[in-house]
Every structure is written in structure tokens, then in C-alpha cells.
Amino acid sequence: MPRKAAAASQTELENLIADLRDVLARKELDVLPEISSLRERLEDGVHTVRERASQVAHDAAEHARDAVHRVDTYAHDEPWRVAGVALAVGAVFGFLIGRR
């Protein structure tokens with residue numbers, strides 16, 4: 001669900017940026033000196049946001065890989081403890097489902 005929300009938010013943001021670019025690209029606005037500056041700031045801002053989003057995604061993937069590696073190492077180092085926890089969790093779920 002969070003992925004769908006993030007994808008929808010990104011789509012909305014891309015649509016907003018496209019609309020803003022369309023407005024700023026109108027030739028009748030070229031008579032205003034501020035428009036050129038605003039166009040440059042928009043492009044710089046979009047570029048910066050895309051770079052940051054890419055870095056955040058890369059960092060999140062790196063943290064996820066690290067966490068998976070740690071869990072894997074722990075499971076190999078402590079197999080009986082992991083099996084015991086899995087058994088306990090299964091017993092709790094079984095008990096809860098059995099009470100229905």
C-alpha cells in the first residue's frame with residue numbers, strides 16, 4: 001500500500017511540474033524578465049529533488065541489504081534460537097486462530 005501511495009504522489013508531483021513548465025513555456029511570458037529566472041530555478045529545483053530522491057532510494061536499499069545480511073548471519077549463528085522464536089510465534093497464532 002505505501003508503494004502505491006508513493007507512486008501516486010510521485011505521479012501527482014510530475015504532473016504538477018509538467019503543468020508548471022507548460023505555463024512558464026508560454027511565449028507571451030517572455031516579456032517578463034523574472035520568467036527566465038523562474039524557469040532556471042524550477043529546472044534546478046527539479047534536478048535537485050530528483051538527485052535527492054535517488055540518493056534516498058539508494059540509501060534505503062543499502063540499509064535493507066545490511067539488515068537482511070545481519071538477519072541471515074544471526075540465523076546461521078543461532079539456528080535453535082531462531083527456530084524457538086518461530087515455534088513460539090506459530091503457537092501464539094495457532095492459539096489465537098483456534099479461539100475464533
Side-chain angles (χ1 to χ4, degrees):
M1 190 67 119
R3 286 185 182 182
K4 288 182 181 181
S9 295
Q10 183 167 350
T11 301
E12 289 177 23
L13 180 60
E14 292 290 334
N15 290 340
L16 178 63
I17 290 170
D19 291 345
L20 187 54
R21 283 181 173 157
D22 288 343
V23 168
L24 292 176
R26 293 184 180 165
K27 293 296 177 191
E28 58 268 12
L29 294 177
D30 285 343
V31 296
L32 300 172
E34 296 87 11
I35 292 299
S36 177
S37 173
L38 189 56
R39 286 177 185 151
E40 288 178 24
R41 288 189 5 228
L42 174 66
E43 292 304 320
D44 289 344
V46 168
H47 180 71
T48 300
V49 167
R50 283 189 176 147
E51 282 182 355
R52 286 184 186 163
S54 176
Q55 185 62 43
V56 166
H58 180 270
D59 291 347
E62 187 71 29
H63 288 297
R65 279 191 295 274
D66 185 46
V68 167
H69 178 69
R70 287 181 187 198
V71 168
D72 184 55
T73 300
Y74 182 78
H76 282 89
D77 291 346
E78 302 285 342
W80 290 109
R81 187 172 289 180
V82 172
V85 169
L87 179 66
V89 169
V92 168
F93 279 130
F95 176 73
L96 293 175
I97 289 173
R99 287 185 61 190
R100 280 188 146 196

Without placing hydrogens or testing angles, list every side-chain donor-acceptor pair under 3.5 Å for residues 76-94, not counting sequence neighbours.
unit_1: His76; atom_1: ND1; unit_2: Asp72; atom_2: O; d: 2.8
unit_1: His76; atom_1: ND1; unit_2: Asp72; atom_2: OD1; d: 3.2

Quiz item: Going hydrophobic residue to hydrophobic residue with side-chain gaps under 4.5 angstrom, can you get from Leu13 over to Leu20?
Solution: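 Yes: a chain of side-chain contacts under 4.5 Å links Leu13 to Leu20.
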
Self-check item: SB check Glu14 Arg50 (cutoff 4.0 Å)
Solution: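 Salt bridge: yes.
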
[atom2] on [Y] to [atom1] on [X], rounded to 0.5 Å:
X     : Y     : atom1 : atom2 : value
Gln55 : Glu51 : CD    : CD    : 9.5 Å
Arg70 : Asp66 : CZ    : CG    : 4.5 Å
Leu42 : Ser37 : CG    : OG    : 11.0 Å

Quiz item: Can you tell me if His47 and Glu43 form a side-chain donor-acceptor pair at under 3.5 Å?
Solution: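 No, Glu43 and His47 have no side-chain donor paired with an acceptor closer than 3.5 Å.
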
